[in-house]
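This report refers to the structure that appears directly beneath it.
Counting starts at 1 for both ligands and their atoms, following the listed order.
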Amino acid sequence: MDILIHTLSGALVGSLVGNLARRKSVGQRLLLTLVGAIAGAMPDLDAVSMWSGFDRTFGAWFSLSESGRQIFSGKHWYSHHGFSHSLFAALMLTSILAAFRKLFFRQQSLRQGLVYFLAFFGGYVSHLMGDLPTPPGSWGGIRLFYPLDHYVGGWAWTWWWNNYDIFLLLLSGVVFNLLLLLVRKVKFLKSSLVSAVATSMVVLLCLVQFHLRGPHFDYVRRNNEFGSMENRSLDIQRRVLGESLYQTMRNFDLSISLNF
Ligand SMILES: [Zn+2]
């Protein structure tokens with residue numbers, strides 16, 4: 001999945017936690033959404049090995065024998081889909097966040113920060129879940145249970161890119177949850193329950209979309225099917241969204257300098 005979808009899935013989790021949290025101001029609930037969004041994007045920091053300056057910086061500093069490109073598609077713990085795509089990393093980074101919070105807010109108990117840790121952990125894990133249904137690539141999935149060597153996922157339900165329908169579903173969920181955050185003072189509205197139902201619906205609809213895609217995207221690496229799979233994925237989007245919405249999303253995709 002691309003970084004925009006991962007950020008949105010994290011924001012969805014964060015905004016859900018924001019709606020579930022008790023005795024928090026609107027500002028604090030919005031902060032929870034932001035924490036989830038940042039955590040959702042974090043695992044892909046391991047793609048730094050694809051950065052054009054990687055070899056002359058990190059590669060030289062650590063005397064790495066492989067190029068950044070080789071590292072990216074390899075199976076080292078620091079390769080893409082390695083350590084950073086594990087539950088261990090999610091727990092470790094959440095613990096570091098808790099330690100920093102304790103350092104800067106000494107007068108507050110860890111329990112008071114629990115919702116922030118939950119938003120962070122949940123946002124991070126949402127990224128890992130989002131990578132499971134993508135093609136196996138050279139890794140065969142993600143190293144979810146690091147330090148075990150086993151890779152999980154690579155289910156190939158969907159292509160890596162142009163999952164515009166998933167993007168729009170997640171965006172709708174985040175906007176809905178944020179609106180709930182703002183109107184939660186209306187007493188008869190049980191924001192937490194409505195938010196939990198809405199979030200579950202979004203996840204369910206994403207799963208339905210994956211299963212309506214047809215044949216799997218079993219791209220491993222350099223099997224000369226990259227172009228045809230990309231085109232098939234775009235055709236699916238055109239069919240699902242309709243020509244007008246598809247063109248809007250396609251233009252947006254082409255206008256940003258991110259893989260989307
Ligand atoms: Zn990822």
Exercise. Does Ser195 offer a backbone N or O that forms a donor-acceptor pair with the side chain of Asn19 under 3.5 Å?
Worked result: no
Exercise. What protein N/O/S atoms sit under 2.8 Å from the Zn ion (ligand 1), by chain and number?
Worked result: Asp44 OD1, His85 NE2, His127 NE2, Asp131 OD2
Problem set entry | Test of ring centre spacing under 6.0 Å for Phe260 and Phe167 | yes
Problem set entry | Phe72 six-ring centre to Arg69 NZ/CZ under 6.0 Å and within 45° of normal | no
Exercise. If you draw the axis of the six-membered ring of Phe217, does the NZ or CZ of Arg232 fall within 45° of it and under 6.0 Å from the ring centre?
Worked result: yes
For this session: Start with the C-alpha distance between Leu241 and Leu168, add both sets of side-chain angles, then the distance that settles side chain to side chain contact (heavy atoms under 4.5 Å, CB included), and finish with yes or no.
Result: CA-CA 10 Å; Leu241 301 178; Leu168 290 169; 4.0 Å; yes
Problem set entry | By side-chain contact (heavy atoms from CB on, under 4.5 Å) - contacts of Leu132 (at least two apart) | Met129, Ile142, Val152, Trp155
